[in-house]
Structure formats: C-alpha cells, structure tokens
**Q** 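Below is the structure I would like to discuss, written out as structure tokens.
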Amino acid sequence: MVAAQQLNRTTQLLLICSLLSIQAPSLSMSSLVGSQTEDFIDWWQHAVFYQIYPRSFKDSNGDGIGDLQGIISKLPYLAETGITATWLSPIFQSPMVDFGYDISDYKAIQPEYGSMADFEQLVHAASGLGIKIILDFVPNHSSDQHEWFKKSAARDPVYENFYVWEDGKKDKLGVRQPPNNWQSVFYGSAWEWNEQRQQYYLHQFTKEQPDLNYRNPAVVQAMDDVVRFWLDKGVAGFRIDAVNHLYESEDLADEPLSGKTADPLSYDYTKHVFTKDLPEVLTMVQHWRQLLDDYSAKHPDGVTRIMMTEAYADLHVLMDYYESADGVRGSQLPFNFHFITDVNGDSDARDFVYNVEKWLIYMPRGHAANWVMGNHDNPRVASRFGAASVDAMNMLLMTLPGVAVTYNGEELGMEDYREIKWEDTVDPPARNAGKKDYKKVSRDPERTPFQWSNASNAGFSTAAKTWLPVNPNYLALNLAAQQQAAKSHYKVYKALIELRKLPTLRRGRFSIEPQSRAVFALKRTLKDYDTLVTIVNVSAEEQLINLTDFINRPQKLIVEVAGVDSVYTPGQALSSSALTLAPHEGLICKLIAA
Ligand SMILES: *[C@@H]1O[C@H](CO)[C@@H](O)[C@H](O)[C@H]1NC(C)=O
Ligand SMILES: *[C@@H]1O[C@H](CO)[C@@H](O)[C@H](O)[C@H]1NC(C)=O
Ligand SMILES: CC(=O)N[C@H]1CO[C@H](CO)[C@@H](O)[C@@H]1O
Ligand SMILES: CC(=O)N[C@H]1CO[C@H](CO)[C@@H](O)[C@@H]1O
C-alpha cells in the first residue's frame with residue numbers, strides 16, 4: 001500500500017537505523033535560533049484537535065439529532081478537558097443523503113443543526129474559552145439539490161460547466177452506456193444519466209453527490225468565496241475532505257483492471273489511476289494554502305489559519321502536500337492515518353515503531369507531524385485494538401511529537417456498537433451493501449451518540465428515538481461515571497493533555513525503539529528538562545523489560561501517567577532495569593538519576 005513497504009528489507013532497515021533518533025519538527029525550529037527556553041511553536045503545531053461529529057455529540061432540542069446549541073452547551077467540557085481546537089464534521093445545508101457530505105448550500109447551516117446565529121454564538125463562546133473552530137470543507141462534490149447543479153442541468157450559461165458532463169456511448173445493441181468504466185467509491189457506475197440535460201454526470205460517491213469540475217476557473221472562484229465566507233465568520237481553518245478525488249483525467253479513458261475482483265460494479269474492479277491523486281490536486285491544495293496565508297497576513301489578529309487534508313494516499317503524495325519538491329507549501333496537516341490503516345490489535349511492537357518512523361522519515365524538515373487515532377469513517381480505538389489498549393494508545397498519541405487528533409468519545413474509550421439492526425442502519429455504503437453484508441462496511445457503529453451519563457439516551461437527547469441507537473453499554477461506560485471514578489480512561493486522557501504542556505513534550509527530541517516483539521518504548525528529551533519515556537506492551541502477556549540501554553544509563557523511573565488497570569500509581573519510583581508491564585499496559589515515566 002505504501003511505497004516504503006515496496007523498498008527491500010535492507011533499505012528499510014538502513015533507513016530506520018540511520019534515523020532512530022529523529023529531531024521533533026518544532027524543535028528544529030527553536031534550536032535554529034539557539035533558544036531552549038522560548039517557545040516558538042505556533043498554536044496548531046502541538047495542539048490536540050478534537051473531532052466533533054455534530055449529529056451525535058449533543059442534542060439540545062429533543063429531536064434525536066445533535067446540534068450547534070448542543071455543542072455550545074458542551075464547550076466548557078472541552079475546555080475543562082484541555083482541548084484548544086476542534087474540527088466539526090459538516091454542519092452545512094444538506095439533504096443528508098450522506099449525512100452532510102452532500103452539501104446543497106455551502107454558506108448555510110443545516111436547519112436541524114441550528115441557525116447562522118447559533119454558529120456565530122458557537123465561534124464566540126469557543127473563542128472565550130480559548131478553543132478554535134475548524135470546519136469541514138467538502139469540495140469534491142456538492143449535493144444534486146445545490147442551485148449550481150440544478151442550473152447546470154438546465155444549461156444555465158453561468159453554471160453549464162460547473163460539473164463533469166459527458167454524452168456516453170452506445171453499445172452494440174444501440175443501448176446507451178456510461179462514457180467509461182469508472183466506478184463510484186460507494187459501488188456502481190460513477191456516471192448517472194440526467195434526463196433534463198440528456199447527458200451523464202460524474203459522481204465519485206453517491207449519485208446525489210455530483211463531482212464539481214475544478215478545471216472550470218469559475219468553480220475554483222466560487223469555492224474560494226466559500227472559504228472566505230467562513231473565515232470572515234471567525235473559523236481558524238478547514239479540514240478538507242477527500243481532497244485526492246478532486247480531479248479526473250480529461251480524456252476520460254477507461255481505468256486498467258486491478259484483478260482484485262470479478263465484479264465490474266465494485267470500486268476495487270479498476271486501478272484508480274485516472275480519478276485519484278492527479279498532479280492537479282497538489283496545485284489546488286497550494287492555491288488554498290496561499291488563500292489562507294494571505295487572509296492570516298492581512299487580518300489584524302495575525303492568527304495562522306490552517307488547512308488539514310484528508311486523503312488515503314501514498315506517502316510520497318502526502319508529503320508533497322506538506323511541501324512540494326520545489327518548496328511550495330500546501331497543507332499544514334496532511335492527515336496521517338497509519339494508526340488506522342497500518343496497525344491493529346494483531347500488530348506487534350515492531351509494527352508500531354515502523355509506522356511511526358515511516359511518517360517521520362518521509363516528512364520534509366520544518367513541518368509538524370500529526371497522528372490520527374480515530375475518525376467517523378473507521379472503527380473506534382477500543383474496537384480496533386481491544387478495550388484493554390485504550391489508555392496505552394492515548395499515551396502513544398499524546399507523547400509523539402506534533403499534533404494529536406482525537407475523535408469524540410475516544411477520551412472515554414467508547415466502543416463501536418456493532419449490533420445495530422438493519423432497520424436502524426442509515427450509512428449509505430451499508431444500505432447499498434444490503435441486509436446480508438451491511439455490517440461489514442457500515443460506519444454507523446462508530447457514529448452512535450456520545451455517552452454523557454447513565455440517564456436515558458446516555459444523556460445525549462430527550463427524544464423517544466435517536467437518529468442512531470445509543471450503545472447499550474452506556475450504563476457503565478459514560479463520562480459522568482468516568483469523572484466520578486478514582487481512575488478512568490477520561491482521567492488518563494485529561495492527565496495526558498496536561499502533560500503535553502511540558503516543554504519536553506512540546507519541543508523535545510524524539511526516538512522510538514522496539515524492546516522486544518511485545519514492547520516498544522519512546523523517549524522525549526530536552527536540555528535542562530526531565531526526560532520522559534512512554535512504554536507500551538502491545539501483547540496479551542505480562543512482560544519484563546530492561547530499559548537501561550534505551551535510556552543510556554541506570555536511572556530511576558518516576559511514574560507520571562499510568563493506565564486504569566495499572567498496579568502503578570503516579571509518583572511511584574520504579575527500576576528501569578527490571579520493569580514489569582501487564583498485558584496491553586502503557587506507562588509514562590520521568591527519568592531521574594539513580
Ligand atoms: C447513575 O450515575 C450517577 C452519577 O454518575 C450515579 O450516582 C448512579 O449511581 C448511577 N445509577 C446507576 C443505576 O448506575
Ligand atoms: C539491564 O541491562 C544492562 C545493560 O545492558 C545490564 O548491565 C544489566 O545487568 C541488565 N539488568 C538486568 C536486571 O537484566
Ligand atoms: C475518503 C472519503 O471517502 N471521504 C469523504 C468524501 O466524500 C464522501 C462522500 O461525501 C464521504 O462519505 C467521505 O467521508
Ligand atoms: C503480539 C506479541 O508480541 N505477543 C507476545 C507477547 O509476549 C509473549 C511473551 O513474551 C509472547 O509469547 C507473545 O508472542
């Protein structure tokens with residue numbers, strides 16, 4: 001999947017050995033100016049970005065659907081947890097075919113989520129609590145209910161070329177066929193016939209999501225206008241959705257077959273060489289970066305407006321988003337999904353180390369790394385790695401250099417609700433897969449309502465029925481219980497955010513090594529400050545390890561953060577030469593001379 005994996009084993013080992021000790025990106029900046037005390041880190045470079053899925057976060061008006069007033073009511077919770085930036089999944093006007101990823105007006109709020117006044121109140125209240133708001137920007141397609149699409153279908157001269165229209169072909173029997181073999185990500189042809197215009201339009205996702213035509217400068221301008229509109233409302237930046245699907249090759253040639261499946265309607269049937277990761281994508285990302293930089297520079301507050309980009313793509317492609325070979329800057333944060341796509345509960349310590357190193361090896365100097373532990377499109381941490389690993393995974397996330405991204409609910413170790421019935425299933429790819437297969441692809445299990453308390457509907461809503469069922473485990477697994485308990489995933493998470501304020505975690509050098517197949521350790525060091533080590537046992541058995549070589553000399557370990565089930569407590573002194581770790585245990589310690 002990733003190019004690094006195609007390198008032969010020796011090259012990999014050489015790369016890793018030569019880079020076992022890697023400088024944290026932000027440190028290279030401060031050390032360049034010769035200062036160990038001053039903190040030159042911009043607001044976003046070491047932030048925890050907390051992703052809110054608005055539909056499932058908090059319902060304020062009892063209709064079973066989360067909303068903006070719900071989010072406003074929970075801002076104090078975010079502030080108390082130590083969150084300083086949050087990104088919201090789409091809140092724009094939408095027919096909700098794909099839950100907001102099908103937008104019918106980029107400049108309006110979806111009425112079931114609230115009004116523009118609610119949004120303004122949200123930005124204002126968040127700002128008062130020191131929280132920045134990032135919005136999801138979905139440029140790959142609009143809804144077919146968008147005015148632009150209606151006018152395009154009617155061949156209104158201004159909008160005629162806003163979408164990708166084609167005549168199609170006739171087969172031997174004279175029956176009309178789509179222009180080529182491209183398939184939608186969600187199954188079936190990527191082309192839909194439009195009666196009114198008597199042409200096919202392209203849609204890489206559902207047929208209600210026609211692809212915008214970025215080869216038309218008027219589309220680029222219209223989207224720039226959308227970006228400026230929300231910047232003027234006070235947002236600190238955008239998370240750009242599915243950015244690598246923006247362009248398709250102009251000649252519309254058939255894609256080569258992948259050989260992976262015999263089903264010609266499956267997205268896996270072809271290799272997506274003409275519909276994904278085209279070089280034009282990079283130019284557009286750089287264009288948006290310029291727009292954001294210009295805006296930040298001329299705005300009196302001078303706050304950097306940022307862009308985070310979502311693309312499941314080859315590492316080389318992702319690194320160009322940071323900065324191209326000729327030095328043009330793009331996305332501040334091209335999302336790093338390796339903890340989602342390349343490791344799981346069966347991975348051993350070497351797999352974790354390899355995946356961390358891989359990103360840092362390829363990342364151009366002077367940029368901030370980022371680590372995404374979960375999102376609304378993938379199973380939750382507790383379900384991917386096992387419930388026992390929740391604390392260890394959050395410890396890893398929070399002590400790596402750079403930006404940490406948390407999906408709402410992961411601070412509690414919320415679990416996927418895999419038993420959602422077919423009748424309650426709403427995710428489009430799950431509906432497309434049918435009653436027999438929906439569970440394999442459904443994203444509903446990780447989107448169930450946030451579990452605030454043991455009140456009805458987990459305190460999410462007073463409605464008789466919520467838009468997705470609440471996971472019945474909420475009676476035991478909920479925020480209120482975790483706030484009250486002496487030890488909880490939430491308390492560990494909060495302690496980790498507090499720990500991140502240490503200069504060592506903000507600017508310290510970084511190294512990571514497997515200690516065995518079962519255990520890896522990472523180290524953060526900064527001159528004049530205590531060294532911190534994070535140790536994780538990814539195995540299901542107790543492990544005895546000797547960290548003496550990793551930390552250079554015998555030193556005492558003082559526990560800073562321990563997991564819920566740990567026998568260790570903060571402040572306790574441990575021996576570095578004979579340390580016992582319970583199954584799936586993670587531990588963060590400070591080093592002091594023995
Ligand atoms: C519900 O939660 C409250 C507060 O966390 C707790 O005091 C109470 O015992 C819980 N009730 C049940 C039935 O678990
Ligand atoms: C730990 O490793 C160090 C350095 O290799 C060694 O000197 C020491 O004897 C080891 N301690 C134990 C308890 O194995
Ligand atoms: C990678 C990906 O599929 N991202 C989003 C792109 O748009 C579709 C359709 O709107 C969303 O469902 C995806 O989450
Ligand atoms: C996944 C993994 O590494 N498991 C290992 C955990 O530790 C035990 C005991 O050392 C090994 O037997 C497992 O293979």
Side-chain angles (χ1 to χ4, degrees), residues 17 20-21 56-59 70 73-74 76-78 80-81 349-350 353 382 387 390-391 408-415 417 448-464 466 469-495 511-523 525 531-537 539 541-559 564-565 567-568 572-582 585 587 589-594:
C17 294
L20 266 177
S21 188
S56 288
F57 197 57
K58 174 69 185 167
D59 171 18
S73 73
K74 295 300 182 184
Y77 162 65
L78 297 187
E80 188 202 315
T81 306
R350 300 166 302 180
V353 171
V390 165
D391 295 330
N408 58 197
E410 299 292 20
E411 71 275 32
L412 313 180
M414 271 179 64
E415 294 168 12
Y417 181 29
T448 57
F450 193 97
Q451 293 165 208
W452 295 104
S453 71
N454 61 10
S456 74
N457 292 327
F460 160 70
S461 168
T462 55
T466 53
V470 175
N471 190 329
N473 72 5
Y474 77 91
L475 285 172
L477 200 171
N478 63 68
L479 175 68
Q482 294 199 12
Q483 282 172 326
Q484 271 172 20
K487 285 179 168 191
S488 66
H489 296 313
Y490 175 68
K491 287 198 167 162
V492 170
Y493 185 84
K494 210 177 148 184
S511 68
I512 185 166
E513 280 177 23
Q515 303 302 309
S516 66
R517 291 178 188 215
V519 177
F520 67 84
L522 68 84
K523 183 168 61 179
T525 53
T531 292
L532 287 167
V533 288
T534 301
I535 314 133
V536 175
N537 174 9
S539 82
E541 285 92 31
E542 187 174 279
Q543 301 289 335
L544 177 67
I545 59 157
N546 181 350
L547 280 179
T548 308
D549 287 338
F550 183 60
I551 59 181
N552 298 328
R553 62 197 134 97
Q555 291 179 93
K556 274 250 165 299
L557 303 174
I558 305 293
V559 177
V564 173
D565 299 319
V567 296
Y568 303 127
Q572 187 177 354
L574 305 173
S575 152
S576 59
S577 61
L579 176 67
T580 305
L581 289 175
E585 171 151 35
L587 196 62
C589 296
K590 168 172 91 178
L591 297 187
I592 53 163

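Position 1 is the first residue of the sequence; numbering continues from there. Just so you know, ligand 1 is whichever comes first in the structure, and atom 1 is the first atom listed for that ligand.
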**Q** So, Glu513 and Lys523, do they make that salt bridge, N to O below 4.0 Å?
**A** no
**Q** Side chains of Gln451 and Asn473: do they bring a donor and an acceptor to under 3.5 Å?
**A** yes
**Q** Assess the pair Phe460 and Phe450: is the distance between their ring centroids shorter than 6.0 Å?
**A** no
**Q** Under the salt bridge (charged side-chain N to carboxylate O under 4.0 Å, His left out) rule, collect the residues that match up with Glu410, sequence neighbours excluded.
**A** Arg380
**Q** Considering only heavy atoms, which protein residues lie less than 4.0 Å from any atom of ligand 2?
**A** Asn546, Thr548, Asp549, Ser577
**Q** Between the side chains of Thr81 and Tyr490, is a donor N or O closer than 3.5 angstrom to an acceptor N or O?
**A** yes
**Q** Main chain of Gln555, side chain of Ser576: is a donor-acceptor contact present, judged purely on distance under 3.5 Å?
**A** yes
